[in-house]
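First the structure, then my questions, so here it is.
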There are 2 protein chains.
Amino acid sequence: MKVLEPNELDSRKMLILKAIIDDYIESKEPVGSRTIAKKYDMGLSSATIRNEMADLEEMGYLSQPHTSAGRIPSEKGYRLYVDRLMNLKEQGIEPTAEELGDIKSHMQHKISELSEQMRMASEIVSRLTDYTAIVVSGNSRRSMRIKALQTVPVETGKALILIVLDDDRVKNSIVSVDPSITAEMLMRISVQCNLLFSGHRVEDINMDMIDTVAESTGVPRMLLYPIVEGIVECIRKAENTEVYTEGASRLLAHPEFNDIGKARNVLELLNKEDLLVDMIQDCSSAGGLVVRIGSENKIQDLNDCSVVTASYSVNGVELGTIGVLGPTRMDYSKVISALEYVRKGLEEGLGGKPKAE
Amino acid sequence: MKVLEPNELDSRKMLILKAIIDDYIESKEPVGSRTIAKKYDMGLSSATIRNEMADLEEMGYLSQPHTSAGRIPSEKGYRLYVDRLMNLKEQGIEPTAEELGDIKSHMQHKISELSEQMRMASEIVSRLTDYTAIVVSGNSRRSMRIKALQTVPVETGKALILIVLDDDRVKNSIVSVDPSITAEMLMRISVQCNLLFSGHRVEDINMDMIDTVAESTGVPRMLLYPIVEGIVECIRKAENTEVYTEGASRLLAHPEFNDIGKARNVLELLNKEDLLVDMIQDCSSAGGLVVRIGSENKIQDLNDCSVVTASYSVNGVELGTIGVLGPTRMDYSKVISALEYVRKGLEEGLGGKPKAE
DNA sequence: TGTTAGCACTCAAACGAAGCGAGTGCTAAC
DNA sequence: GTTAGCACTCGCTTCGTTTGAGTGCTAACA
């Protein structure tokens, strides 16, 4: 595939291409020369436009579903459109007053939970855009610090292990312990663990520390093992990136999914969490806001779809990514604006202190 | 609508009705008299069957999509089928060895979490039946006991409230507290709370108890309020029934959802958690295993669907419900067997001690 | 040389008639 | 009561026709 050279296209061709894509995104129908000549009066006749369209097709920016139909953008066309042609919608994308209230009230809620907020955000994005939102929260690559670690007696033979991470996520697991472990012993273990582990990174935990706990609490090492297991389990849960999909059924409203087979493929894909995580993280690693058009995506079943992702960071730490999945003919401008909008909201909400815009 | 009288139908009509429904469930096509005469040789000619079919139609058990087509069961027909005609499949429904391993390994996992197990079970049910599974876990009507309640210092001005319930569910919330509250104070509060609340029912908690905590710890009552708020929040979370849907896309494989509009209606419905909870709980209140056929369901959009639900109890306490959603023409026998199967598994797993079969 | 009017051509989609065939109801005979 | 036979119904498929949006090309024009 040839790399785009800036002056390959004169400005008139650009203008026409933009008009075609704009129209196609709106009308969902192949665009003919007459439509462009009439609707976007650029002082040219349909015949001229026709010639230009033929050129654009030859250059690979457009294609024809069949001879006697209008033109539709190719992937290359969309790419150029996204990179250089489209104008970002600044207005009309703002959520309704009601939705705004929703967000605000959620954000101001004292109890801040990352995954809850991401969920909330994804719902807004999906509703604003009418496409499906995919949320991946958590970031297995960053190293987490432990804020607090406690062991809590539940009943004889059962203990709860609890970890609070530096992003205020809480993970816990219940383990069976030797019945000889009393509530009082657990309390001591708890104090020691807290003292020893708080402020440390997850990967700093090692067997020596366990030994220290055993010594200082007087609890036999053997009996501590289930507790260590519980800690490991908590960490595993914390490392697990969570995926969540919102508004899958919205996709069915778009004509490109009228084919039930295609619809099914995509919907089934949305259940495959590992694939989704891969896909989204693949994008997010490339930077802030990424647009993947059609086959730019590695997943075969998404060849007729585009994905736009935005990553969220607070204090330089990437906490999650929200992606929007829609047909290749999506309203890129709307999607990007919506994502930017909730990103701002999320980052302010999560950061705690609202920044000046 | 006339109520079914047991001897309204002679046994031959019953046999024919059963054959028709069996065939329809399998073939997904209207069933003609010739098919029945040939496939299920009951020593009758197609003409005779035709007469009987005409009778059955008149009685409301069958209907014709159009004059020159075969018959399909009506809701009344399905009802009779489910109640008295169908034979439960005992074989062929058992999960594959692989799936069995899956279940076992999950069930034996020491760390037992209700919602995780229900999720697992729902996936199995959905896979076995090829329909959508709906899980509602938690039961707002039963009164929960608190096994443990703790407050954990997280950092200055932040505390974690933690509740362990009698079914081993763990709920927590992080609240902002007055910075003057030290970790040491929180520990004391924790001990007192645990002492005071453990073993009590959620609804037993009252302001007097808070006062007691304030007195015995010497922490001003005012400063305890955020903590109370956290407790309330935990309880709210615990009372929230959780809903979860598995395998929604499987529905699309069935011909009755070839119509994209219908498919969309149902898929959208699956996002409406409150409606789902209502529906499932409405069934589960009626007893163990419930079949709702077509319009027996209150939800309009599900008029072409049936729902089969099974509730799970341990020690007489209802913990959750799994439902299967499919087209009215679902394989009821298969669905019921599958639900029974995982119910057994779940109840054994949750009860702790495996019972003899 | 670029633009435009005009015209022949293409082809998917919409429409309609014809034929097929699965299935029925009815009648008459067994 | 059962069955064979037959006329009839009606949705589906097939196939030819028409329609119309849209094109490419050519020739004339500025």
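Chain identifiers are assigned alphabetically (A, B, ...) following the order of the sequence lines, protein sequences preceding nucleic acid strands; residue numbering begins at 1 within each chain.
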Between atom CG in Asp41(B) and atom C1' in dT2(D), what is the gap in whole Å?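 Rounded to whole Å, this separation is 17 Å.
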Classify the nucleic acid contact of Ser33(A) as base, sugar-phosphate or nothing, counting any heavy atom under 4.0 Å across all strands shown.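 The residue Ser33(A) makes sugar-phosphate contact but no base contact.
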Does the side chain of Arg71(B) get closer than 4.0 angstrom to OP1 or OP2 of dT24(C) through an N or O atom?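 True: Arg71(B) side-chain N/O within range (under 4.0 Å) of dT24(C) OP1/OP2.
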Would you classify Thr48(B) as touching base, sugar-phosphate or nothing, given that sugar-phosphate means primed atoms plus P, OP1 and OP2, and contacts are heavy atoms under 4.0 Å?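 Base: the residue Thr48(B), judged by heavy atoms under 4.0 Å, touches a nucleobase.
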Is there a donor and acceptor pair closer than 3.5 Å between the side chain of Arg34(B) and the base of dG23(C)?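 No such pair is found, so the answer is no.
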Expressed in angstrom and rounded to an integer, what is the separation of Leu44(A) atom CG from dA5(C) atom C1'?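 Atom-to-atom, Leu44(A) to dA5(C), this comes out as 15 Å.
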In this structure, how many angstroms lie between the C1' atom of dA4(D) and the CD1 atom of Ile49(B), rounded?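 Value for this atom pair: 15 Å.
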Who is the Watson-Crick or G-U wobble partner of dA28(C), with both distances under 3.5 Å?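 Partner of dA28(C): dT3(D).
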By the definition ring pair (Phe, Tyr, Trp, His ring centres under 6.0 Å), identify the one residue from Tyr24(A), Tyr78(A), Tyr131(A) that meets it with Tyr332(A).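 Exactly one option meets the ring pair (Phe, Tyr, Trp, His ring centres under 6.0 Å) with Tyr332(A), and it is Tyr78(A).
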If you check the Ala54(B) side chain, which of dG11(D), dG25(C), dT23(D) turns out closest?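 Closest of the options to the side chain of Ala54(B): dG25(C).
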Within this structure, what is the CD-CD1 distance for the pair Glu273(B) and Ile134(B), rounded to the nearest 0.5 Å?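 So the gap between those two atoms works out to 11.0 Å.
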Base-pairing assignment for dT18(D) (Watson-Crick or G-U wobble, both under 3.5 Å):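 By the stated definition (distances under 3.5 Å), dA13(C) pairs with dT18(D).
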Axial cation check for Phe257(A) ring with Lys262(A), 6.0 Å and 45° limits: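 Not flagged: Lys262(A) not positioned over aromatic ring of Phe257(A).
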dC12(D) - base-pair partner by Watson-Crick or wobble geometry, distances under 3.5 Å: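 With both distances under 3.5 Å, dC12(D) matches dG19(C).
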Hey, what do you get for CG (Asn51(A)) to NZ (Lys13(A)), rounding to the nearest 0.5 Å?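 If I round to the nearest 0.5 Å, the distance is 9.0 Å.
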With DNA chain D as reference, determine whether Pro65(B) or Arg12(B) sits nearer its 5' end, using the nearest nucleotide of each.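 Its nearest nucleotide lies further toward 5', so the answer is Arg12(B).
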To the nearest Å, give me how far apart CE (Met42(A)) and C1' (dT4(C)) are.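 Distance check: Met42(A) CE to dT4(C) C1' gives 17 Å.
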Does dT3(D) have OP1 or OP2 sitting under 4.0 Å from an N or O in the side chain of Ser45(B)?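 For dT3(D), OP1/OP2 do have a side-chain N/O of Ser45(B) under 4.0 Å.
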Rounded off to whole Å, could you give me the CD-to-P distance for the Glu52(B) and dC26(C) pair?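 Those two atoms, CD and P, are 15 Å apart.
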OP1 or OP2 of dG21(C) under 4.0 Å from side-chain N/O of Ser68(B):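 For Ser68(B), the contact criterion (side-chain N or O under 4.0 Å from OP1 or OP2 of dG21(C)) is not met.
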Whole angstrom is fine here: how far is it from CG in Asn51(A) over to C1' in dG22(D)?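 Going from Asn51(A) (CG) to dG22(D) (C1'), I get 14 Å.
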Roughly how many Å is it from CD in Gln64(B) to C1' in dC10(D), rounded to a whole number?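 Going from Gln64(B) (CD) to dC10(D) (C1'), I get 11 Å.
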Let's go through His254(B) and Arg329(B) carefully: what are the C-alpha distance in whole Å and the side-chain angles of both, what is the deciding distance for side chain to side chain contact (heavy atoms under 4.5 Å, CB included) to 0.1 Å, and is it a yes or a no? CA-CA 10 Å; His254(B) 300 281; Arg329(B) 179 206 52 71; 4.1 Å; yes
Would you say dT2(D) has OP1 or OP2 under 4.0 Å from some side-chain N or O of Arg50(B)?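 For dT2(D), OP1/OP2 do not have a side-chain N/O of Arg50(B) under 4.0 Å.
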Please report the distance, rounded to the nearest Å, between CG in Asp55(A) and C1' in dG2(C).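 It is 12 Å, rounded to the nearest whole Å.
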